[in-house]
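These notes concern the structure reproduced below.
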Amino acid sequence: MATGSNSLIWFRKGLRVHDNPALEHASKASSGSMYPVFVIDPRYMEPDPSAFSPGSSRAGVNRIRFLLESLKDLDSGLKKLGSRLLVLRGEPGEVLVRCLQEWKVKRLCFEYDTDPYYQALDFKVKEYASSVGVEVFSPVSHTLFNPTDIIQKNGGKAPLSYQSFLKIAGEPSCAESELLMSYSSLPPIGDVGSIGVSEVPTLEELGYREDEQDEWTPFRGGESEALKRLNNSISDKAWVANFEKPKGDPSAFLKPATTVLSPYLKFGCLSSRYFYQCLQRVYKDVKKHTSPPVSLLGQLLWREFFYTTAFGTRNFDKMKGNPICKQIPWKEDHDMLAAWRDGKTGYPWIDAIMVQLLKWGWMHHLARHSVACFLTRGDLFIHWEQGRDVFERLLIDSDWAINNGNWMWLSCSSFFYQYNRIYSPVSFGKKYDPDGKYIRHFLPVLKDMPKQYIYEPWTAPLSVQTKAKCIVGKDYPKPMVMHDAASKECKRKMGEAYALNKKMNGNIGDDDLKDLRRKLETDEESNIRNQRPKLNQVLKYLMRF
DNA sequence: AAACCGTTGACGGA
DNA sequence: TCCGTCAACGGTTT
């Protein structure tokens, strides 16, 4: 049995003081000390020079910086209350065990986490804690609902459509409850003994260089920044009341069309429950307002939907062995993947979005749709898992459940199945931004391209390209595929893959997929051959002039 | 078996 | 800006 009445609050997500039940519980260590801990996990934070962009193998340097800023802000929030953040390094499970022993912790508090990584880690930590008689308090406070409750209410299975989710979910319990937003003080830190603790490190101290990235994300991490952003957004009541997600402009970058609260929700710098209550207050004050799925509240509930579905589905982050995922013979093509990832597809709309991702770690939701559709079912027919990996690493708001769910959505692997609806890499962006301001900003090489060619620079006469100082094929790549032909091929492949999934009733093995892949590729070749007569007809037609 | 629905497609026309 | 058409999916409801 551990002695004393010390408590330890282990921060992972939930990097905030406001509405933090784990912190609240830990702070009730009446006569003892409270140790606020964050563990820097090398698996997540160690620089990886071989990665395709600055950062670690799992996180781009923008997200690492956002996290450090969030920790710094949490630390100063705790310091105002007479406490501070203790930063440790190492494998979190091992580090935790050492802390529990050395500090004679009686009560261990941390926010419940549904991500598989934490499910496994937390299981081990809880097992150890109970073996030595440490009380564990692990509340659900990252989401409005407890995914376990929703799944149970739905008969043991996660709801697979947003509407059925809404029906089952109903009102969250936080709708009525009062949230603890601040403290007058927190218990003091105890003696840290032989455990090496530090202040929040800088990027340099972690082994990154400030000059690694030529443009950084404009979004600053931290609870203070989150609350400022939230207040900014909700102070415009008319804007909140009329918010309709699909009508937002994905090309707006100086002033994004959305709240950009996602990174703060991801790290828990902002409590989703506080956000919920703020929205409800605005809705009560206005006569008329939009509703889910398109409203701001609807956005918050999408997050709940994906958290629930992800938690209730085996192998949610894979195609194979995932019971809700269509089995599709996606292509393996490293060069094509790299061209997409590095913003070198030759489609300025697509490339500008990918550059915004590299530089900012954030893009508008519809911009994400454009590039995800292009990579998978729209043009390149590359596996959604590979696009998912790129987003997961680079987005400052990347969230395991939401990212995987949306990649399945966009690739028509689950949730959404109308694979004939394909975003055009040319016209989709053009309808929001006909002048191409967004492209000119993120792809300066095209800044002098006349607007009538900016979405399809390969169609510009050479004299125009010369004048714009941008020769296609030299200064900017030629399009890697022709969208009309590529999307047609993709539709055909999706049709065949869907037919096989239907025929096999979802039980598709590796061999079935391999056979289909071979068949699709053979058909593709013969389709190209059959296009030759058509080409001749076009030539004949042109000869008449 | 048929009707209906689904956060956000492209295109052309009014 | 809003509408119908295009071609047409799976899942749910009737």
Side-chain angles (χ1 to χ4, degrees), chain A residues 154-155 157-169 242-252 256-259 262 279 289-306 308-309 313 322-328 347 349-350 353 363-379 402 405-434 455-456 482-506 508:
Chain A
N154 194 44
K157 285 184 110 178
L160 290 178
S161 81
Y162 186 73
Q163 295 305 330
S164 64
F165 169 83
L166 290 186
K167 243 194 265 169
I168 292 149
N242 296 320
F243 185 91
E244 277 184 75
K245 188 64 169 283
K247 292 194 175 158
D249 176 357
S251 71
T258 53
T259 60
S262 55
L279 286 177
H289 61 83
T290 53
S291 295
V294 297
S295 66
L296 267 185
L297 172 62
Q299 306 316 298
L300 201 45
L301 294 170
W302 277 106
R303 179 172 178 269
E304 301 291 319
F305 169 69
F306 283 122
T308 308
T309 312
T313 306
N322 179 342
I324 67 167
C325 187
K326 289 246 181 289
Q327 303 298 304
I328 294 167
Y347 285 94
W349 171 247
I350 299 298
I353 295 168
M363 337 71 111
H364 187 276
H365 192 63
L366 289 177
R368 301 181 193 199
H369 278 212
S370 281
V371 296
C373 181
F374 186 87
L375 180 74
T376 58
R377 67 183 170 84
D379 290 85
I402 300 170
N406 275 309
W407 273 97
M408 277 192 272
W409 187 298
L410 261 298
S411 64
C412 283
S413 296
S414 196
F415 308 112
F416 176 79
Y417 306 97
Q418 286 169 270
Y419 57 77
N420 51 319
R421 292 192 185 171
I422 292 174
Y423 290 86
S424 161
V426 172
S427 42
F428 186 72
K430 205 186 267 181
K431 75 181 173 211
Y432 298 98
D433 181 17
Y455 283 86
E456 297 166 282
M482 290 322 281
H483 174 67
D484 284 352
S487 60
K488 220 170 143 187
E489 265 305 295
C490 281
K491 276 188 252 187
R492 187 182 65 78
K493 288 177 180 171
M494 289 299 285
E496 298 229 22
Y498 267 43
L500 183 68
N501 275 265
K502 204 175 199 170
K503 189 177 137 204
M504 308 294 283
N505 204 12
I508 295 180

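Every chain is numbered from 1, with letters handed out A, B, ... down the list of sequences.
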>> Checking A:F165 against A:L160 for the side chain to side chain contact (heavy atoms under 4.5 Å, CB included) test, could you report, in this order, the C-alpha distance in whole Å, the side-chain angles of both residues, the deciding distance, and whether it holds?
In response: CA-CA 7 Å; A:F165 169 83; A:L160 290 178; over 6 Å; no
Protein N or O to nucleotides 12-14 of chain B N or O, pairs below 3.5 Å:
none

> Less than 4.0 Å between a side-chain N and a carboxylate O, is that true for A:K493 and A:E496?
Replying inline: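 Here A:E496 does not pair with A:K493 in a salt bridge, since their nearest N and O are not under 4.0 Å apart.
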Value in whole Å for how far the [atom2] atom of [N] lies from [atom1] of [X]:
X: A:F374; N: B:dA10; atom1: CZ; atom2: P; value: 14 Å
X: A:R303; N: B:dT7; atom1: CZ; atom2: P; value: 19 Å
X: A:L297; N: B:dT7; atom1: CG; atom2: C1'; value: 13 Å
X: A:L300; N: B:dT7; atom1: CG; atom2: P; value: 17 Å
X: A:M408; N: C:dG11; atom1: CE; atom2: C1'; value: 17 Å
X: A:F165; N: C:dT12; atom1: CZ; atom2: P; value: 16 Å
X: A:D249; N: B:dT8; atom1: CG; atom2: P; value: 18 Å
X: A:L500; N: C:dG10; atom1: CG; atom2: P; value: 13 Å

>> Classify A:Q163 by what it touches in the nucleic acid, base, sugar-phosphate, or nothing, heavy-atom distance under 4.0 Å.
In response: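 Sugar-phosphate, backbone atoms only, no base.
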>> At 4.0 Å (heavy atoms only), tell me whether A:F415 reaches a base, stays on the sugar-phosphate, or touches nothing.
In response: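 It contacts nothing in the nucleic acid.
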> How does DNA chain B look in dot-bracket notation if pairs are Watson-Crick or G-U with both distances under 3.5 Å, crossing ones as [ ], other-strand ones as |?
Replying inline: ||||||..||||||
> Within 45° of the six-membered ring axis of A:Y419 and under 6.0 Å from that ring's centre, is NZ or CZ of A:K491 located there?
Replying inline: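 No, A:K491 and A:Y419 do not form such a contact.
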> Nucleotide by nucleotide, 5' to 3', does protein get under 4.0 Å of the base (B), only the sugar-phosphate (S), or neither (-) in nucleotides 2-8 of chain C, counting heavy atoms?
Replying inline: -----B-
> Could you give the distance from CG (A:D433) to CG (A:D249), rounded to the nearest 0.5 Å?
Replying inline: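 So the gap between those two atoms works out to 7.0 Å.
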>> Using the rule given for side chain to side chain contact (heavy atoms under 4.5 Å, CB included), can you reason through A:L375 versus A:I350, listing the C-alpha separation, both sets of side-chain angles and the distance that settles it, and then say yes or no?
In response: CA-CA 10 Å; A:L375 180 74; A:I350 299 298; over 6 Å; no
>> Can you check the distance between C:dT13 and B:dT7, where both ends of the measurement are the P atom (answer in whole Å)?
In response: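 Taking atom P in both C:dT13 and B:dT7, they lie 14 Å apart.
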>> Can you check the distance between C:dA8 and B:dC4, where both ends of the measurement are the C1' atom (answer in whole Å)?
In response: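 Looking at atom C1' only, C:dA8 and B:dC4 are 14 Å apart.
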> Any side-chain heavy-atom pair from A:F306 and A:W409 closer than 4.5 angstrom?
Replying inline: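 Of all side-chain heavy-atom pairs linking A:W409 with A:F306, at least one is under 4.5 Å.
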> Would you call the rings of A:F374 and A:Y347 parallel, tilted or perpendicular, where under 30° means parallel and over 60° means perpendicular?
Replying inline: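 Answer is perpendicular, since the angle exceeds 60°.
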> Could you go step by step and tell me if A:L297 and A:F243 meet the side chain to side chain contact (heavy atoms under 4.5 Å, CB included) rule?
Replying inline: CA-CA 9 Å; A:L297 172 62; A:F243 185 91; over 6 Å; no
Where is the tightest heavy-atom contact between [X] and [Y], given as atom of each residue plus distance?
X: A:F428; Y: A:S370; result: CD2-OG, 3.2 Å
X: A:E244; Y: A:T290; result: CG-CG2, 3.6 Å
X: A:A257; Y: A:A252; result: N-CB, 4.3 Å

> Quick one: on DNA chain C, does A:S164 or A:Y498 contact a more 5' nucleotide (nearest heavy atom)?
Replying inline: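 On the 5' side of the pair lies A:Y498.
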>> Just N and O in the side chain of A:S427: are any of them under 4.0 Å from OP1 or OP2 of B:dC11?
In response: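 Checking A:S427 against B:dC11: at least one side-chain N or O falls below 4.0 Å of OP1 or OP2.
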>> Is there a side chain to side chain contact (heavy atoms under 4.5 Å, CB included) between A:M494 and A:C412? Walk through the geometry before answering.
In response: CA-CA 9 Å; A:M494 289 299 285; A:C412 283; 3.7 Å; yes
>> Side chain of A:F416 only, heavy atoms from C-beta on: which candidate in B:dA10, B:dT8, C:dG10 is closest?
In response: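 Nucleotide nearest to A:F416's side chain: B:dT8.
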